[in-house]
Amino acid sequence: DTEVTQTPKHLVMGMTNKKSLKCEQHMGHRAMYWYKQKAKKPPELMFVYSYEKLSINESVPSRFSPECPNSSLLNLHLHALQPEDSALYLCASSQHPSGRTYEQYFGPGTRLTVT
Amino acid sequence: SQQGEEDPQALSIQEGENATMNCSYKTSINNLQWYRQNSGRGLVHLILIRSNEREKHSGRLRVTLDTSKKSSSLLITASRAADTASYFCATALPTGFQKLVFGTGTRLLVSP
């Protein structure tokens, strides 16, 4: 199984709402990622989890809160977002031996609209 | 910014023609990867070329890497309408961190 799944596919939320994005993989990968992608732009890295621990935070505002409950799951908790946070949020996973960077497997994304 | 630049930004060709897109980057790398993204969907990994490799093939794809010029190219031969997508190069730093920096992308349109 080389699939990364993400739920929901679409999400519309108000600026005062709290919501969560979910990501799951069963490839035994120990590195998982959140990216944000605006229209016609490349993905921008937000967070990296290695062995269920946060290893990279690309100076993301605290209204985005990642969580990795176990090696297969990755969540992104959203609170008090702004309209400019509307974007496609992509989850990815990869193998994680040290000293190499492997290809990443991406989920289909969650299209988030903040009203 | 570490972000790579890709050119052209957009490319429109007919089925059967070859498509070439180029990527330039700024720092030393461990490897360079190419991804495809269909409209509004997740990215699909196409090919990975390591810093000590100069050329790599996979099916109709040919990737070259010139580390002295900090550049790479992706050639798609005998293109098909199904190849219509955005193509991104992504560079991995040599430090072993699990971080990719994506280029600006090339939007390819293949017309029947």
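In what follows, chains carry the letters A, B, and so on, assigned in the order in which the sequence lines appear, proteins first and then strands, with residues in each chain numbered from 1. In this text the structure is predicted, and so the values were computed from the model without any measurement.
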Novice: Check for me, please, whether A/Y35 and B/F88 land in the same ILVMFWY cluster - side-chain distances under 4.5 Å, paths through other members count.
Specialist: yes
Novice: Between A/K40, A/K41, A/Q104, who has the most heavy-atom pairs with chain B when the cutoff is under 4.5 Å?
Specialist: A/Q104
Novice: So which pairs with a foot in residues 37-85 of chain B pass ring-ring contact (aromatic ring centres under 6.0 Å, His included), sequence neighbours left out?
Specialist: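 Qualifying pairs: B/Y35-B/H45.
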Novice: The criterion is side-chain hydrogen bond (donor to acceptor under 3.5 Å, both in side chains); which residues satisfy it with A/Q6, sequence neighbours excluded?
Specialist: none
Novice: Could you look at B/Q9 and say if it's the side chain, the backbone, both or neither that has a heavy atom under 4.5 Å from chain A?
Specialist: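 For B/Q9, neither part sits under 4.5 Å from chain A.
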Novice: Quick one: CG on B/L100 to OH on A/Y102, what's the gap to the nearest 0.5 Å?
Specialist: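 Those atoms lie 13.5 Å apart.
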Novice: Working to the nearest 0.5 angstrom, can you tell me the gap between B/F102 CZ and A/Q37 CD?
Specialist: 8.5 Å
Novice: I'd like to know if B/M21 and B/Y25 are part of one continuous hydrophobic network [Ile/Leu/Val/Met/Phe/Trp/Tyr, side-chain heavy atoms within less than 4.5 Å].
Specialist: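 Yes, because B/Y25 and B/M21 connect within a single hydrophobic cluster, where side-chain heavy atoms sit under 4.5 Å apart.
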Novice: What are the two closest non-hydrogen atoms of A/P42 and B/G103, and how far apart are they?
Specialist: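 For A/P42 versus B/G103, the nearest heavy atoms are CB-O, 3.0 Å.
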Novice: Following the transitive rule for hydrophobic clusters with a side-chain heavy-atom cut-off under 4.5 Å over Ile, Leu, Val, Met, Phe, Trp and Tyr, establish whether A/Y89 and A/V114 coincide in one cluster.
Specialist: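 Both belong to a single hydrophobic cluster.
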Novice: Give, for atom CG of B/L46 and atom CD of A/E103, the distance between the pair rounded to the nearest 0.5 Å.
Specialist: 11.0 Å
Novice: Is A/L78 reachable from A/M15 through a run of hydrophobic residues whose side-chain heavy atoms are each under 4.5 Å from the next?
Specialist: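 A/M15 clusters together with A/L78.
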Novice: Nearest 0.5 angstrom please: B/R41 CZ to A/R111 CZ, how far?
Specialist: 10.0 Å
